[in-house]
Undergrad: 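One structure, pasted below without further comment.
When a ligand or atom number is given, it counts from 1 through the structure's own listing order.
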Amino acid sequence: MKLNELKLTNPYLNLPDECHDRVKPAPLKNAFLIHANEEVAKMLDIDVEELNTESFAAFANGALALEGSDTFAMCYAGHQFGFFVERLGDGRAINIGTINNLHMQLKGAGQTKYSRSGDGRAVLRSSIREYLMSEAMHGLGIETTRALALMGSKHEVYRQTWEKGAMVLRVSPSWVRFGTFEYFAHKKKYKELEALADYAIAESYPHLADEENKYFYFFAEVVGKTARLMAEWQAVGFNHGVMNTDNMSIAGLTIDYGPYAFLDDYDFAFICNHTDQYGRYSFGSQPNVGEWNLRALMVALAPLVKSDELQKVMGHYSKFYTEHYLNLMTKKLGFDQHKDEDLNLIKHLLGMMQGLSIDYTLFFRTLSRYNGDRKELLKLGLYHTPMNDWLHDYDERLEENSSTEEERQAKMLQTNPKFVLKNYMLQEAIDKAEEGDYTLVNDLFDIAQNPYAEHEEHEPWAEATPDEFKNRKLSCSS
Ligand code: AMP
Ligand code: MG
């Protein structure tokens, strides 16, 4: 459809007034489209030809409202680094309407009632990171918000120095956060809490709508989804960096991309977020933080469900997590089925990678072509003995596999990505974009969409991260 044929709805506005604040987006000055996502356009019934029009650029800059749009910011609270903040909310994201159950949001569209001291803007570097990374997560088959468009501008925004403002038109089947529930529970507004739970069920778990004990099952779903998401992040080597409860999706999606990173060399203790001094959100802590955050949600849901029932579900979290994780690692290693002894093999492998400082993504991709010749794998680490020891056990385990070597390799190449968007790659794309050259943004977008394909023209991005860029931390300022 053409943009002017679309009709937007705003289902979140049916919730009580306290859940949101009606506010209009403030367009960026001299804004221009950097990239638009054709796949997401199709999901929204937008004709691909529309993406090249001036109207689309105006729409993605918050300067053109489509029929039915009633724009607003959402209110939420959250535990930030363990401390409760009773009111956060969309300080720089403005909801602009829903199509096909996908809610569109402009991030960086100006101040709202929830901006506190912030300017409501987002800069180019953080917008590029969010735009590309949500596509990369999707390409890896991990649930995430998506994005329709990335806008650049000449609008000056101050962050320690003057930078250019940008905007991402983000899209998600849900923007409800754990912190949204915490907001109403803390205020003891239980009617609103219940309305929000009904909304979240209708939005993300509609099969529960008629269940007798629906809020209990709702929590169980969120526990299961969160456990799965944590397992996926660990298996692919993704460090989110700011797992505050306001950045946790009730639908189990990866949301709010900040100082995140993919691991370069495997490091269980890696901290991507420069401000996370003590590593609360380090790579290895993520599954436990997922559980901590679910406990905060559990407290918020206590007015709706008996607490012993909630506790019972919570008790299953680590089992759910471990099951998902072992399942994913079994696939990464190319085994037909998981066996109990595999846990030791996985632990042995991770210890070996940590000790030898081996590039996590490159290791699994190289292993995907393993045919008994160890040369390529041995090249990945300085010392051969630890790798040889592990391969000795791996060879033995492969003998228990029923699939052929070719079958195993083919499956592993579809499981272990050739490319992940590491920070040094994103930084190079950002540096070029700051100069007005968006070719690398385009290239990384193409890679991100299918990280399992060979993309021979982009071969250098599949190599180990250059030493000077390895395992660097990023600042939260965005
Ligand atoms: P984040 O760390 O991006 O998840 O943001 C945490 C909170 O700060 C959320 O309520 C954001 O909306 C808000 N926030 C972050 N940056 C800004 C900004 N530049 N202006 C207004 N609010 C902001
Ligand atoms: Mg956030």
Undergrad: Centroid-to-centroid, Tyr281 to His240, below 6.0 Å?
TA: no
Undergrad: Quick one: does atom 5 (O) of ligand 1 have a protein heavy atom under 4.0 Å from it?
TA: no
Undergrad: Just to verify, which of Glu130, Glu38, Glu39 counts as forming a salt bridge (charged side-chain N to carboxylate O under 4.0 Å, His left out) with Arg146?
TA: Glu39
Undergrad: Name the option, out of Lys107, Arg159, Gln80, Arg92, that contains the heavy atom nearest to atom 14 (N) of ligand 1.
TA: Arg92
Undergrad: Side chains of Arg170 and Met104: closer than 4.5 Å at any heavy-atom pair?
TA: no
Undergrad: List ligand 1 atoms under 4.0 Å from Asp256, heavy atoms only on the residue side.
TA: 4 (O)
Undergrad: Just to confirm my output: which protein heavy-atom neighbour is closest to atom 19 (N) of ligand 1, and how far is it?
TA: Asp119 OD1, 3.0 Å
Undergrad: What protein heavy atom sits nearest atom 8 (O) of ligand 1, and how far away is it?
TA: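 Of every protein heavy atom, Arg116 NH2, 2.9 Å lies nearest to atom 8 (O) of ligand 1.
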Undergrad: Which of the numbered atoms in ligand 1 are under 4.0 angstrom from any heavy atom belonging to Asn247?
TA: 4 (O)
Undergrad: Run down the list Gly118, Gly91, Gly179, Gly89 and name the one with the heavy atom closest to atom 10 (O) of ligand 1.
TA: Gly89
Undergrad: Please determine whether side chain to side chain donor-acceptor pair (under 3.5 Å) holds for the pair Gln111 and Asp119, giving the CA-CA distance in whole Å, both sets of side-chain angles, and the decisive distance to 0.1 Å.
TA: CA-CA 6 Å; Gln111 287 174 316; Asp119 59 4; over 6 Å; no
Undergrad: Does Lys422 count as lying over the ring of Phe262, i.e. NZ or CZ under 6.0 Å from the six-ring centre, within 45 degrees of the axis?
TA: no
Undergrad: In the protein, which heavy atom is nearest to atom 20 (N) of ligand 1, and how far is it?
TA: Gly120 N, 2.8 Å
Undergrad: Which atom name does Asp256 have for its N/O/S atom nearest to the Mg ion (ligand 2)?
TA: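 When I compare the N, O and S atoms of Asp256, OD2 is nearest to the Mg ion (ligand 2).
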Undergrad: Going by atom types alone, do Thr145 and Trp175 pair a side-chain donor with an acceptor below 3.5 Å?
TA: no
Undergrad: With a 4.0 Å heavy-atom cut-off (strictly under), which part of Arg177 contacts ligand 1: side chain, backbone, both or neither?
TA: neither
Undergrad: Is there a nitrogen or oxygen of Asp90 sitting under 3.5 Å from a nitrogen or oxygen of ligand 1?
TA: no
Undergrad: May I ask you to check whether Phe363 and Tyr266 place their ring centers less than 6.0 Å from one another?
TA: no
